[in-house]
A.B. asks: 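Got a structure for you, questions after.
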Protein chains: 2
Amino acid sequence: MEKVTVFDLIERMSALLRSEERKKCTEFGLQSVHLQILDYLSRCNKYSDTPAALANYLGMTRGTVSQTLLLLEKKAYVNKTTDTTDRRVVHLSLLPNGKAMLQQARPTELFDQAADLLVSDKLSNYDEMLVSMLTALQKSNKSQSFGICKTCQYFTVSPDVHLCGLTREALTEDDSGKICQEHRAL
Amino acid sequence: MEKVTVFDLIERMSALLRSEERKKCTEFGLQSVHLQILDYLSRCNKYSDTPAALANYLGMTRGTVSQTLLLLEKKAYVNKTTDTTDRRVVHLSLLPNGKAMLQQARPTELFDQAADLLVSDKLSNYDEMLVSMLTALQKSNKSQSFGICKTCQYFTVSPDVHLCGLTREALTEDDSGKICQEHRAL
DNA sequence: ATTATAAAGTATCGAATCGAAACATAAAGC
DNA sequence: GCTTTATGTTTCGATTCGATACTTTATAAT
């Protein structure tokens with residue numbers, strides 16, 4: 001049963017990261033949801049920085065998200081602005097405070113130390129394999145994949161510009177590396 | 001910066017699993033901590049099935065763990081028995097209800113589907129690599145590694161029996177595949 | 001032996017989370 | 001225009017969580 005063990009290992013790593021995250025959170029007086037929200041906001045593109053997308057991504061109700069955002073706003077971690085074209089929609093953005101917190105709370109040392117222990121010339125292989133595993137997971141999670149923009153079936157790259165085939169909008173290099181709620185895996 | 005991206009990928013997968021877990025939880029009227037506790041109890045060996053170990057593993061206070069366990073007991077998911085030699089210690093065990101819940105809530109379909117998408121003859125390689133990555137993470141997380149018993153420096157295997165070098169006790173095949181709080185990576 | 005110290009677990013309290021349901025507002029369909 | 005749908009907020013009650021103080025048991029020190 002190779003199938004099981006491979007993803008068991010992923011699950012184990014995930015558990016390890018979660019517990020590490022929890023410790024960091026209590027250290028900084030946060031809840032792990034807060035950190036997840038900050039993390040998401042740092043990674044999502046302009047189509048996906050709304051409360052509704054957050055609720056979808058994290059699997060929470062919109063009411064709960066609204067509450068949590070109030071708190072994060074009070075702490076000056078995030079900022080709200082209403083969309084200019086659709087006035088129901090709110091866009092969220094990370095404030096400097098929030099970015100700083102995220103920087104501190106991510107398990108950077110853990111990763112760095114772990115990476116040092118791995119034989120470095122094997123790293124490129126790891127990379128490739130993990131990408132295919134992640135893609136496989138995202139495809140299976142078909143409800144809404146929340147994948148990286150440039151790995152989307154709607155993403156097209158003309159000689160000079162990146163383009164989202166769904167919204168027909170041009171994308172910055174930066175945006176195309178971020179999470180999109182409209183993502184459809186290839 | 002290969003180091004960063006490799007573990008970034010792990011982090012992405014972890015985030016995906018977490019959000020999947022959260023959805024499952026609301027579906028069954030649980031909190032994600034509850035599921036984490038059930039999961040831990042299904043994976044830990046007899047030295048590590050105590051409230052204190054749980055608190056350590058999950059990064060919660062003992063008080064909080066105590067509260068949560070009350071609830072899980074009320075729902076007939078777990079069971080407490082006091083240790084015979086050290087009467088301060090409580091051992092926890094999963095009841096049938098808890099096992100059933102865990103079975104339902106784990107992202108099995110997700111994993112199965114993802115595995116089907118991966119080229120199967122590459123799976124053994126994935127396996128090997130992931131093990132070394134997990135080990136690296138555990139080593140780095142030096143506080144308490146909570147690793148698998150048989151990968152511990154105290155684990156010894158005589159011709160017929162497995163043995164824990166720390167407690168000098170014999171171990172079942174089953175036990176040696178489980179999580180131990182006394183684990184020290186090789 | 002007796003005392004002191006440490007460890008495992010519990011109880012209580014207040015702040016915060018969370019989901020459910022009701023509500024408001026804006027856009028889209030017909 | 002009227003209805004339907006979508007985004008977001010509010011309110012409420014149940015639950016979680018951490019901090020603190022506490023009980024009980026084991027171990028160490030004298």
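Numbered from 1 within each chain, the chains take letters A, B, ... in sequence-line order. Note that these values count all heavy atoms, side chains included, but never hydrogens, waters or copies made by symmetry.
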A.B. asks: When you look at CD of B:Gln103, are more than 12 heavy atoms from neighbouring residues, nucleotides or ligands closer to it than 6.0 Å?
C.D. replies: no
A.B. asks: So which heavy atom on A:Thr81 is nearest to which on A:Asn79, and how close?
C.D. replies: CG2-OD1, 3.8 Å
A.B. asks: Identify whether any heavy atom of A:Thr85 sits under 4.0 Å from a base atom; if not, whether one sits that close to sugar-phosphate; answer base, sugar-phosphate or nothing.
C.D. replies: sugar-phosphate
A.B. asks: Measure the distance from CD on A:Gln67 to C1' on C:dG19 and round it to the nearest whole Å.
C.D. replies: 11 Å
A.B. asks: Could you check how far NZ of B:Lys75 sits from P of D:dT16, rounded to whole Å?
C.D. replies: 7 Å
A.B. asks: Taking 4.0 Å as the cut-off, does a side-chain nitrogen or oxygen of A:Lys80 come that near to OP1 or OP2 on D:dT7?
C.D. replies: no
A.B. asks: Looking only at the side chain of A:Val89 (C-beta and beyond, no hydrogens), which of the listed nucleotides D:dG8, D:dC17, C:dA26 gets closest?
C.D. replies: D:dG8
A.B. asks: Return the value, rounded to whole Å, for the distance between atom CZ of A:Arg87 and atom P of C:dA27.
C.D. replies: 7 Å
A.B. asks: Please tell me which of the listed nucleotides, D:dG8, D:dT25, D:dT10, lies nearest to the side chain of A:Thr50?
C.D. replies: D:dG8
A.B. asks: Categorize B:Val65 for me: base, sugar-phosphate, or nothing, with a 4.0 angstrom heavy-atom threshold over every strand shown.
C.D. replies: nothing
A.B. asks: What's the shortest heavy-atom distance between A:Cys25 and A:Ser32, and which atoms?
C.D. replies: SG-CA, 3.5 Å
A.B. asks: For A:Asp83 and D:dT7, give me the distance from atom CG to atom P, rounded to whole Å.
C.D. replies: 12 Å
A.B. asks: Measure from CG on A:Leu54 to P on C:dT17 and round the result to the nearest Å.
C.D. replies: 15 Å
A.B. asks: Considering every strand and a 4.0 Å limit on heavy-atom distances, what is the contact class for B:Thr82: base, sugar-phosphate, or nothing?
C.D. replies: nothing
A.B. asks: Rounded to whole angstroms, how far apart are CG on B:Leu92 and C1' on C:dG9?
C.D. replies: 11 Å
A.B. asks: Can you tell me the distance, in whole Å, between the CG atom of B:Leu30 and the P atom of D:dA14?
C.D. replies: 19 Å
A.B. asks: Under 6.0 Å from the NZ atom of A:Lys99, do we count more than 12 heavy atoms belonging to anything else shown?
C.D. replies: no
A.B. asks: Given C:dC18, D:dG18, D:dT7, identify the nucleotide with an atom nearest to the side chain of B:Thr61.
C.D. replies: D:dG18
A.B. asks: Can you tell me if the side-chain N/O atoms of B:Thr64 get under 4.0 Å from OP1 or OP2 in D:dG18?
C.D. replies: yes
A.B. asks: Of all the choices, C:dA6, C:dT17, D:dG8, which nucleotide is nearest to the side chain of A:Val33 once you look at every atom?
C.D. replies: C:dT17
A.B. asks: Give a yes/no answer on whether the side chain of A:His34 brings an N or O atom under 4.0 Å of OP1 or OP2 in C:dT17.
C.D. replies: yes
A.B. asks: Counting side-chain heavy atoms from CB outward, which of C:dA8, D:dT9, D:dT10 is closest to A:Arg62?
C.D. replies: D:dT9
A.B. asks: Report the nucleotide, chosen from C:dA11, C:dG9, D:dT7, that has the shortest atom-to-atom distance to any side-chain atom of B:Val90.
C.D. replies: C:dG9
A.B. asks: Verify the neighbour count for atom CD of A:Gln104: are there more than 12 heavy atoms of other residues, nucleotides or ligands below 6.0 Å?
C.D. replies: yes
A.B. asks: Let me know the distance between CG of A:Leu70 and C1' of C:dT17, rounded to the nearest Å.
C.D. replies: 13 Å
A.B. asks: Which nucleotide, D:dG18, C:dA7, D:dT15, lies nearest any side-chain atom of B:Leu71?
C.D. replies: D:dT15
A.B. asks: Using 0.5 Å steps for rounding, measure from the CG atom of B:Leu95 to the CD atom of B:Glu73.
C.D. replies: 8.5 Å
A.B. asks: Indicate, yes or no, whether a donor-acceptor pair under 3.5 Å links the base of D:dG8 to the side chain of A:Ser66.
C.D. replies: no
